[in-house]
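What's counted below: heavy atoms across the whole structure, side chains too, no hydrogens, waters or symmetry copies.
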Amino acid sequence: MKSTQPLNLPAQLSIGALAVLGFVGSTLIVAHSGFETSPRRGGASTFVPLPEAYIMAGIMYLMSCVAMLALLRDRKVSLGVIVAAFGAHLLAAVLLVRFLAPL
């Protein structure tokens with residue numbers, strides 16, 4: 001099996017931004033029980049409620065996890081560190097949802 005080259009700094013920053021933006025975006029969707037979209041040419045915005053928004057939030061959380069896994073695998077960390085990172089990711093998501101949820 002060929003060894004792969006490590007990711008360069010711009011690739012690491014791009015993947016890190018993907019992880020952070022996916023995490024924050026999905027957390028905001030869950031915390032506010034959905035999201036609103038606005039049409040291109042003006043008009044009233046449309047609210048997407050939680051059942052449909054959960055699909056979008058799930059995809060974004062998964063995107064964030066895959067990006068985090070790519071960064072961790074590039075550093076060649078152990079399986080224990082990967083499991084701990086995903087546990088911290090889950091805990092941070094739960095705490096951020098509780099913090100951002102409207103009262």
message: Hydrophobic clustering (ILVMFWY, side-chain heavy atoms < 4.5 Å, transitive) - are V81 and F86 grouped together?
response: yes
- prompt: At what distance, to the nearest 0.5 angstrom, does CE of M60 lie from CD1 of I29?
  reply: 5.0 Å
statement: Separation between CG (L18) and CG (L13), nearest 0.5 Å, reads 12.5 Å
field: L100 CG to T27 OG1 distance, which is reported to the nearest 0.5 Å
entry: 7.5 Å
- prompt: Which value, rounded to the nearest 0.5 Å, describes the distance between L69 atom CG and D74 atom CG?
  reply: 11.0 Å
query: Atom OG in S33, atom OH in Y54: separation rounded to 0.5 Å?
result: 7.0 Å
message: For a quick test of reading the model, state the closest non-hydrogen atom pair linking S26 to A57 and the distance between them.
response: CB-O, 3.4 Å
- request: Grab the two heavy atoms, one from S64 and one from G22, that are nearest each other, plus how far apart they are.
  value: CB-C, 4.2 Å
task: Identify the two heavy atoms, one from R73 and one from I82, that lie closest to each other, and give their separation to 0.1 Å.
output: CD-CD1, 4.1 Å
task: Give, for atom CG of L72 and atom SG of C65, the distance between the pair rounded to the nearest 0.5 Å.
output: 10.5 Å
field: Connected via hydrophobic side-chain network under 4.5 Å: V97 and F99
entry: yes
message: For F23, give me all partners under ring pair (Phe, Tyr, Trp, His ring centres under 6.0 Å), at least two apart in sequence or on another chain.
response: H89
message: With a sphere of 6.0 Å drawn around CE of M63, does it hold more than 12 non-hydrogen atoms of other residues, nucleotides or ligands?
response: yes
message: Would you say that F47 contacts S45 through its side chain, given a criterion of any heavy-atom pair below 4.5 Å between the two side chains?
response: no
task: Please say which of T46, V30, V48 ends up in a side-chain contact (heavy atoms from CB on, under 4.5 Å) with F35.
output: V48
statement: A31 and P102 have their tightest heavy-atom pair at O-CD, 3.3 Å
query: Does L28 belong to the same Ile/Leu/Val/Met/Phe/Trp/Tyr cluster as V20, with side-chain heavy atoms less than 4.5 Å apart forming each link?
result: yes
